[in-house]
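What follows is one structure encoded as structure tokens, with my remarks underneath.
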Amino acid sequence: MPELPEVETTVRGLARVLQGQRISSVQKRRPDLRRALPQDLGQRLTGARVTGLGRRAKYGLVDTDRGDTLVFHLGMSGYWRVDPHELLKHDHFVMDTEAGRRIVLNDARRFGSLDLVETAELGDWPPFKALGPEPFGLDARELQRRLAGRSAAIKLLLLDQRIVAGLGNIYVCEALYRAGIHPRRAGGSISLDRLKRLVPAIHDVLAEAIEAGGSTLKDFVSPDGELGYFSKAFAVYDREGQPCGRGGTVKRIVQGGRSTFYCPQCQH
DNA sequence: AGATATTCCTGGAGGC
DNA sequence: TGCCTCCAGGAATATC
């Protein structure tokens, strides 16, 4: 599912098609995803030139020369296809460039979003305003400060986008495993020494996933249609009952209504 | 304030 | 074969 590495991979793929290109037309194939698409999306994008692409947390950003940024979130099932032969069920948004390229957003579950925000106002845009720091650039002391006084499980706190922005269920499980930290441990009780193992673990697992082109799981496809392969490298995620690789056996528990995978032998 | 539960939606998997 | 239930994912919202 799209977490930070998949969004990063998607943005890089879209950049190859969109960077510097003029948008010739867009097509809304339904009026809403998670929320309504902007009424004036078509007018504001048509004829605009793409000046840059970027990412904030799990959001992809497409800047235009009109001072607007198209902000997309892939939710749980969203993905872009490039130059598809045909349109499929759940293809909700189509954008064409003057160069004759096409990108199509498919999102069966519609937990994703598409917004058009004035680039200069992005920092004040409500969904961005509360976001914590990017995982890259986060250091152990900063994380310790953000966890201070919190009694909730570290697993849940790392999923909270206000504490760190961009982590999802998969990479939180993997990072905690790598750092040897039990997912139920109270966030505020973790020593600085242990956070100094956790932060690099987060960096490493994300960087490796980006390097691998994002994980596929069930329905992530990179923009050029190639499947990523990082999912083969999961140590614990979706591996209940299987060996963790260091002699332990992966266990599944539920936290906040969602599955956590960890190794009781390796994580304390 | 913090912690927890619920909601949105579809499709795939597994049970009978 | 079909019908049923359960589960996955992210984030906003509601409720304790």
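Reckoned from all heavy atoms, side chains included, excluding hydrogens, waters and symmetry mates.
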Of the listed nucleotides [options], the one nearest the side chain of [X]:
| X | options | result |
| --- | --- | --- |
| A:Phe111 | C:dA8, B:dG11, B:dC9 | B:dC9 |
| A:Ser259 | B:dG11, B:dC8, C:dA8 | C:dA8 |
| A:Lys58 | B:dT10, C:dA8, C:dA11 | C:dA11 |

Give the rounded distance in Å between these two atoms: [atom1] of [X] and [atom2] of [N].
| X | N | atom1 | atom2 | answer |
| --- | --- | --- | --- | --- |
| A:Leu33 | B:dC9 | CG | P | 12 Å |
| A:Tyr79 | B:dG11 | OH | P | 11 Å |
| A:Ile163 | C:dA11 | CD1 | C1' | 15 Å |
| A:Arg35 | B:dC8 | CZ | C1' | 13 Å |
| A:Asp238 | C:dA8 | CG | P | 9 Å |
| A:Asp107 | B:dC9 | CG | P | 12 Å |
| A:Leu158 | C:dA11 | CG | P | 14 Å |
| A:Gln161 | C:dT13 | CD | C1' | 16 Å |

State yes or no: do A:Leu158 and A:Tyr262 share one hydrophobic cluster built from I, L, V, M, F, W and Y residues joined by side-chain heavy-atom distances below 4.5 Å, directly or via other members? no

Donor-acceptor contacts, no H, no angles, side chain residues 41-51 of chain A, under 3.5 Å, sequence neighbours left out:
| residue | atom | partner | partner atom | Å |
| --- | --- | --- | --- | --- |
| A:Arg44 | NE | A:Asp68 | OD2 | 3.2 |
| A:Arg44 | NH1 | A:Asp40 | OD1 | 3.4 |
| A:Arg44 | NH1 | A:Asp40 | OD2 | 3.3 |
| A:Arg44 | NH2 | A:Asp68 | OD1 | 2.8 |
| A:Thr46 | OG1 | A:Gly42 | O | 2.7 |
| A:Arg49 | NH1 | A:Gly20 | O | 2.8 |
| A:Thr51 | OG1 | A:Asp63 | O | 3.4 |

Between A:Asn106 and A:Lys89, is there a side-chain donor-acceptor contact under 3.5 Å, judged purely by atom types and distance?
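A:Asn106 and A:Lys89 do not have a side-chain donor-acceptor pair below 3.5 Å.
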
Check: More than 12 foreign heavy atoms under 6.0 Å from CD of A:Glu98: is that the case here?
Finding: yes

A:Arg29 atom CZ, neighbour heavy-atom count above 12 within 6.0 Å
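Counting neighbours around CZ of A:Arg29, more than 12 heavy atoms of other residues, nucleotides or ligands fall under 6.0 Å, so yes.
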
Below 4.0 Å: OP1/OP2 of B:dT10 and any side-chain N or O of A:Arg110: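 Checking B:dT10 against A:Arg110, a side-chain N or O does come within under 4.0 Å of OP1 or OP2.
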
For A:Arg146, give me all partners under salt bridge (charged side-chain N to carboxylate O under 4.0 Å, His left out), at least two apart in sequence or on another chain.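 With sequence neighbours excluded, A:Arg146 shows a salt bridge (charged side-chain N to carboxylate O under 4.0 Å, His left out) to A:Glu142, given in chain and number order.
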
Answer with base, sugar-phosphate or nothing: what part of the nucleic acid does A:Arg252 contact at a heavy-atom distance below 4.0 Å?
sugar-phosphate

Tell me which residues in residues 85-93 of chain A lie within less than 4.0 Å of DNA chain B, going by non-hydrogen atoms.
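Within residues 85-93 of chain A, the residues near DNA chain B are A:Lys89, A:His90.
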
Please list, pair by pair, any protein nitrogen or oxygen found under 3.5 Å from a nitrogen or oxygen in nucleotides 3-7 of chain B.
| residue | atom | partner | partner atom | Å |
| --- | --- | --- | --- | --- |
| B:dA3 | OP1 | A:Ser151 | N | 3.0 |
| B:dA3 | OP1 | A:Ser151 | OG | 2.8 |
| B:dA3 | OP1 | A:Ala152 | N | 3.2 |
| B:dA3 | OP2 | A:Arg150 | NE | 2.8 |
| B:dA3 | OP2 | A:Arg150 | NH2 | 2.7 |

Report task. Please name the pair of heavy atoms, one in A:Val104 and one in A:Pro84, separated by the smallest distance, quoted to 0.1 Å. Result ->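 Nearest heavy atoms, A:Val104 then A:Pro84: CG2-CG, 3.6 Å.
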
Point to revise | Set of residues satisfying ring-ring contact (aromatic ring centres under 6.0 Å, His included) with respect to A:Phe93, sequence neighbours excluded | key: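 Scan of A:Phe93 (ring-ring contact (aromatic ring centres under 6.0 Å, His included), adjacent residues dropped) gives none.
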
Residues 188-197 of chain A vs side-chain hydrogen bond (donor to acceptor under 3.5 Å, both in side chains), sequence neighbours excluded, gives none

